[in-house]
Undergrad: 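This is the structure I have questions about; it appears just below.
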Number of protein chains: 2
Amino acid sequence: MINRIRKLRRDHDWSQGDLAEALSVSRQTVNAIENGRYDPSLPLAFTIARVFGLRIEDIFQPEP
Amino acid sequence: MINRIRKLRRDHDWSQGDLAEALSVSRQTVNAIENGRYDPSLPLAFTIARVFGLRIEDIFQPEP
DNA sequence: CTCTAATGTCAAGTTTCCTTTACATGTCGC
DNA sequence: GCGACATGTAAAGGAAACTTGACATTAGAG
């Protein structure tokens, strides 16, 4: 999975900590997902999409 | 998370084993997800959506 | 009635997700 | 040059997702 979270977050002028708070997860979790160390759970992916007002497919893409 | 997988699977006349094979997971995993015992990972959710030709949001919904 | 396919579920084990705590680095304003 | 942020990463632990293997029940075909 590749994702556009870092770009979306910066477009909103949010720090990783800001986004983590909006998602109710730790800052390390946001950092790990942005850096592709692991994928979010499906419920967290839904929360991320809701926070950015987008669909999951607009943020995440399966790897080629 | 609630999902429509059982209905979609039956519309395609597939057994849980058939779907499991199409998804490259075990039959128990399909059964557990259909019965709401746990949510699929994000990559598996993408595969499920692809198999049914739908978007993730058309299959899964966050709980109210 | 018997055989098979389909489903539900359990136990035990591995991997992935997420936590808290902690430390290192770079940047910026003052 | 300090301090306060922002970011990256690591270790250790818990929770969730997934595996294989096994067994029980039900329903339908022959």
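In what follows, every chain begins at residue 1, and chains take the letters A, B, ... in the order their sequences are listed.
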Undergrad: Is the backbone N or O of A:M1 less than 3.5 Å from a side-chain atom of A:E63, with the two atoms forming a donor-acceptor pair by type?
TA: yes
Undergrad: Among the candidates D:dT9, C:dG8, C:dT9, find the nucleotide nearest to the side-chain atoms of B:Q28.
TA: C:dT9
Undergrad: Strictly below 4.0 Å: does A:Q16 bring a side-chain N or O up to OP1 or OP2 of D:dC5?
TA: no
Undergrad: What is the distance, rounded to the nearest whole Å, between atom CG of B:N31 and atom P of C:dC10?
TA: 11 Å
Undergrad: When you check the phosphate oxygens OP1 and OP2 of D:dT19, does a side-chain N or O of B:S26 lie under 4.0 Å from one of them?
TA: yes
Undergrad: From C-beta outward on B:T29, which listed nucleotide comes closest to its side chain: D:dT7, D:dA17, D:dC18?
TA: D:dC18
Undergrad: Is a side-chain N or O of B:N3 found less than 3.5 angstrom from the main chain of B:I33, in a donor-acceptor match?
TA: yes
Undergrad: How do B:Y38 and A:R9 order along DNA chain D: which one's closest nucleotide is nearer the 5' end?
TA: A:R9
Undergrad: Under 3.5 Å, is there a donor-acceptor pair between the side chain of A:S24 and the main chain of A:A20?
TA: no
Undergrad: Could you give the CG-to-C1' distance, from B:L42 to C:dC18, as a whole number of Å?
TA: 15 Å
Undergrad: Roughly, in whole Å, what's the span from CZ in A:R37 to C1' in C:dT15?
TA: 16 Å
Undergrad: Would you call B:R55 and A:E57 a salt bridge, taking side-chain N to carboxylate O under 4.0 Å as the test?
TA: no
Undergrad: Is there any protein nitrogen or oxygen under 3.5 Å from a nitrogen or oxygen in nucleotides 25-30 of chain D, and what are the pairs?
TA:
none

Undergrad: Where along residues 48-60 of chain A does a heavy atom fall under 4.0 Å from DNA chain C?
TA: none
Undergrad: Is a salt bridge present between A:R27 and A:E21, judged by a nitrogen-to-oxygen distance below 4.0 Å?
TA: no
Undergrad: Taking C-beta and beyond as the side chain, do A:R9 and A:E34 meet within less than 4.5 Å on heavy atoms?
TA: yes
Undergrad: In whole Å, I'd like the distance from the CG atom of A:N35 to the P atom of D:dT7.
TA: 11 Å
Undergrad: Of the candidate nucleotides C:dG8, C:dC18, D:dG8, which contains the atom at the shortest distance from the side chain of B:R27?
TA: C:dG8
Undergrad: Taking the side chain of B:S15 as its heavy atoms from C-beta onward, which of D:dG8, C:dA6, C:dC10 lies nearest to it?
TA: C:dA6
Undergrad: Please report the distance, rounded to the nearest Å, between CE in A:M1 and C1' in C:dC17.
TA: 15 Å
Undergrad: Please report, rounded to the nearest Å, how far the P atom of D:dA17 is from the CG atom of B:L23.
TA: 16 Å
Undergrad: Could you tell me whether the side chain of B:D11 and the main chain of B:L8 form a donor-acceptor pair under 3.5 Å?
TA: no
Undergrad: Give a yes/no on whether any side-chain N or O of A:R6 is located under 4.0 angstrom from OP1 or OP2 of D:dA6.
TA: no
Undergrad: Apply the test side chain to side chain donor-acceptor pair (under 3.5 Å) to residues A:R37 and A:N31: give CA-CA distance (whole Å), side-chain angles for both, the deciding distance (0.1 Å), then the verdict.
TA: CA-CA 9 Å; A:R37 300 213 310 220; A:N31 184 78; over 6 Å; no
Undergrad: Any idea which heavy atoms bring A:R4 and A:L54 closest together, and the distance?
TA: NH2-CD1, 4.0 Å
Undergrad: Which nucleotide in the set D:dA17, C:dG8, C:dT19 lies at the smallest distance from any side-chain heavy atom of A:V25?
TA: C:dT19
Undergrad: For A:L19 and D:dT7, what is the distance between atoms CG and C1' respectively, to the nearest whole Å?
TA: 14 Å
Undergrad: With respect to the side chain of A:S41, which nucleotide from C:dC17, D:dG8, C:dT9 is positioned closest?
TA: C:dC17
Undergrad: In this structure, how many angstroms lie between the P atom of C:dC17 and the CG atom of A:D39, rounded?
TA: 5 Å
